[in-house]
Visitor: 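Pasting a structure below so you can have a look.
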Amino acid sequence: MTHVVILGAGLGGVPMALEARKELSKDVNVTVISDSATFHFTPSNPWVAVDWRKPDAIKVDLVPMFAKKKINFIHAAAKKVQPDQNSILLANGETVDYDYLVIATGPELAFDEIEGLGPHGGHTQSVCHVDHAADSKLVWDDFVKDPGPIVVGAVQGASCFGPAYEFAMIMETDLRKRKIRDKVPMTFVTSEPYVGHLGLDGVGDTKGLLESEMRNRHIKWITSARVKKVEAGLMHVEEVNPDGSVKQTHELPFKYSMMLPPFRGIPAVRDIEGLVNPRGFVIADKTQQNPTFRNVFSVGVCVAIAPVETYAVPVGVPKTGFMIESMVHAAAKNIRCLIKGEELRHEATWNAVCIADFGDGGVGFVAMPQIPPRNVNWSAEGGWVHMAKVAFEKYFLGKIRNGVGEPFYEKAVFDMLGVHKVKSKAN
């Protein structure tokens with residue numbers, strides 16, 4: 001009996017399991033391996049960090065949902081993927097064999113690459129994981145009782161910038177609601193070459209929209225920034241010229257800081273020749289297949305994507321939710337092709353549809369494809385974005401709780417808008 005294993009149960013892994021179960025015949029075993037038995041909706045973490053959401057509100061218990069959908073679940077951490085043996089060694093000593101593997105682990109958060117960064121032994125907070133966000137909320141509670149300067153942003157090597165902008169604006173909105181905004185100088189620090197780059201060389205006028213938003217909210221910014229180290233209450237930053245020389249150094253005092261860290265591949269896949277790049281991200285083509293190990297696919301943030309440009313300060317490429325879903329659909333359809341002995345004919349479009357909430361407004365954008373040059377390059381702002389993000393959170397969590405990948409009406413709406421997840425060649 002054919003065995004398809006999905007490693008990871010996050011924004012890529014859970015939809016992948018549901019889509020695989022939908023696409024593949026009943027005699028194919030589908031198994032998910034994850035070190036967490038709980039799915040959490042990562043885009044809501046900034047709300048958790050300011051107590052606009054409780055952690056349990058954005059979590060889903062995977063065990064009953066997977067059982068209902070006839071998907072096997074192994075609650076264990078992976079120690080090492082062994083693609084030459086078609087197996088995964090688990091941390092508990094067990095080995096799981098597979099015929100096809102989909103790696104959907106997400107990244108490892110490389111706080112250790114910058115001295116003093118991160119919530120565990122460092123001096124900055126994080127919204128990358130729901131547990132980090134819950135811990136940040138406790139720090140936020142103390143901060144608002146005795147406010148001071150905030151430094152927020154994303155360091156060199158980060159591959160996702162939207163949450164940094166979201167959290168900066170959400171904090172600013174929360175401070176205004178508390179009537180203490182006047183006591184909090186705010187500085188946005190980012191490795192991006194300009195505000196609104198987002199790792200994508202901008203989408204529409206995200207540069208103008210986000211610069212205007214930050215001016216209106218009195219948030220200063222430093223771009224092309226390299227964080228050297230973080231001490232208690234003080235961040236050391238170099239502002240870098242395009243040629244790599246240091247333009248200016250900054251010592252930024254803070255009472256609260258959240259900085260998105262560098263990303264890298266998890267230890268279970270790192271340093272496997274042919275599988276991953278030097279940072280440990282999984283190499284995959286547009287069919288989501290690894291070119292060396294042809295029965296291995298990958299979806300989500302763990303996929304290796306080259307940056308849009310080479311910059312003096314490293315700027316990674318984000319993998320947005322819709323883009324991840326396009327990877328998921330292509331991977332599931334192509335595994336079905338391989339099982340049936342057919343050539344792969346489905347490619348992920350890597351289109352991006354994104355909404356960034358600012359607490360009382362926000363920015364939405366459509367990039368088709370996500371990596372320029374594009375056929376569609378659109379962005380807009382307004383109060384509707386906040387309501388759209390709230391609605392999408394409820395909708396997506398509802399899908400996961402009910403074990404639904406893509407309802408027919410969701411596909412119909414996107415097809416009507418001309419926003420597709422997969423492009424397929426005829427047989």
Side-chain angles (χ1 to χ4, degrees), residues 1-17 19-21 23-24 28-36 71-108 110 159 263-306 319 324 326-348:
M1 185 175 286
T2 302
H3 190 200
V4 176
V5 172
I6 294 122
L7 182 59
L11 287 171
V14 173
M16 183 68 230
E19 194 63 22
R21 186 68 286 163
E23 285 283 344
L24 306 179
V28 174
N29 272 334
V30 177
T31 298
V32 175
I33 300 173
S34 175
D35 60 357
S36 173
I71 296 169
N72 307 313
F73 180 64
I74 299 174
H75 183 194
K79 184 176 182 179
K80 203 68 182 179
V81 172
Q82 302 171 136
D84 54 338
Q85 301 175 39
N86 294 331
S87 66
I88 302 170
L89 176 64
L90 303 182
N92 61 15
E94 296 178 6
T95 299
V96 178
D97 297 324
Y98 61 81
D99 295 294
Y100 300 95
L101 171 65
V102 183
I103 301 173
T105 59
E108 182 179 61
S159 300
F263 289 176
R264 64 188 174 213
I266 69 166
V269 301
R270 282 208 302 268
D271 304 319
I272 300 176
E273 186 174 352
L275 181 67
V276 298
N277 71 5
R279 288 289 293 175
F281 292 106
V282 183
I283 301 167
D285 60 21
K286 277 294 190 82
T287 69
Q288 304 309 130
Q289 184 185 46
N290 179 263
T292 301
F293 303 99
R294 309 298 286 182
N295 63 339
V296 177
F297 292 74
S298 184
V299 302
V301 181
C302 63
V303 174
I305 299 179
K319 291 87 173 182
I324 292 173
S326 79
M327 295 180 184
V328 163
H329 283 252
K333 292 177 184 296
N334 285 323
I335 291 171
R336 184 185 63 188
C337 287
L338 288 181
I339 291 174
K340 295 171 69 174
E342 300 174 354
E343 297 224 356
L344 305 192
R345 58 188 182 89
H346 307 282
E347 292 187 358

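Along the sequence shown, residues are numbered consecutively beginning with 1. Keep in mind that what you see is a predicted model, and the values were worked out from it rather than measured.
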Visitor: Using side-chain heavy atoms (C-beta onward) and a distance below 4.5 Å, is L275 in contact with N290?
Guide: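 In short, these two side chains touch, coming nearer than 4.5 Å.
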Visitor: Flag the pair I324 / P15 as yes when at least one side-chain heavy-atom distance between them is below 4.5 Å, and no otherwise.
Guide: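 No - every pair of side-chain heavy atoms lies 4.5 Å or more apart.
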Visitor: Do you know which two heavy atoms are closest between A17 and I6, and how far apart they sit?
Guide: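 Answer, listing the atom of A17 first, then I6: CA-CD1, 3.6 Å.
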Visitor: side-chain hydrogen bond (donor to acceptor under 3.5 Å, both in side chains) with K333: which of E19, H346, Q288, E23?
Guide: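 With K333 as partner, E19, H346, Q288, E23 yield a single side-chain hydrogen bond (donor to acceptor under 3.5 Å, both in side chains), made by E23.
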Visitor: Are V102 and I335 close enough that some pair of their side-chain heavy atoms sits under 4.5 Å apart?
Guide: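 Yes, at least one pair of side-chain atoms sits under 4.5 Å.
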Visitor: For the pair T31 (side chain) and N72 (backbone), establish whether a donor and an acceptor sit closer than 3.5 Å, ignoring hydrogens and angles.
Guide: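 Not a single qualifying donor-acceptor pair exists.
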Visitor: How long is the straight-line distance from CE of M16 back to NE2 of H329, given to the nearest 0.5 Å?
Guide: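 The NE2 atom of H329 sits 9.5 Å away from the CE atom of M16.
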Visitor: Is there a side-chain contact between F293 and L101, using heavy atoms and a 4.5 Å cut-off?
Guide: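 No; the side chains remain at least 4.5 Å from each other.
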Visitor: So, does H3 use its side chain to make a donor-acceptor pair with the main chain of V28 at under 3.5 Å?
Guide: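 Between the backbone of V28 and the side chain of H3 there is no qualifying donor-acceptor contact (under 3.5 Å).
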Visitor: Any idea which heavy atoms bring V269 and V276 closest together, and the distance?
Guide: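 Distance-wise, the nearest heavy atoms are O-CG1, 3.3 Å.
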Visitor: Taking the side chain as every heavy atom from C-beta outward, state whether L338 and Q289 have any atom pair closer than 4.5 Å.
Guide: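 When only atoms from C-beta onward are counted, Q289 and L338 do touch, with a gap below 4.5 Å.
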Visitor: Show your working on side-chain contact (heavy atoms from CB on, under 4.5 Å) between L344 and D285 and close with a plain yes or no.
Guide: CA-CA 11 Å; L344 305 192; D285 60 21; 5.8 Å; no
Visitor: Begin from the C-alpha positions of V282 and V303 and carry the test side-chain contact (heavy atoms from CB on, under 4.5 Å) through to its verdict.
Guide: CA-CA 5 Å; V282 183; V303 174; 5.6 Å; no
Visitor: Is the NZ or CZ atom of K319 both under 6.0 Å from the centre of the six-membered ring of F263 and within 45° of that ring's axis?
Guide: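 Relative to the ring axis of F263, which defines the angle, K319 lies outside at least one limit.
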Visitor: Is there a side-chain contact between I283 and T292, using heavy atoms and a 4.5 Å cut-off?
Guide: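 No - every pair of side-chain heavy atoms lies 4.5 Å or more apart.
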Visitor: Can you see which heavy atom on R270 is nearest to which on K80, and at what distance?
Guide: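 Scanning both residues completely, I find the closest heavy atoms to be O-NZ, 2.8 Å.
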Visitor: A side-chain contact here means heavy atoms from C-beta on lying under 4.5 Å apart; do D97 and N86 qualify?
Guide: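 No, their side chains stay 4.5 Å or more apart.
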Visitor: I'd like to know if the side chain of N334 and the backbone of T287 have a donor-acceptor N/O pair within less than 3.5 Å.
Guide: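 Yes: the side chain of N334 pairs with the backbone of T287.
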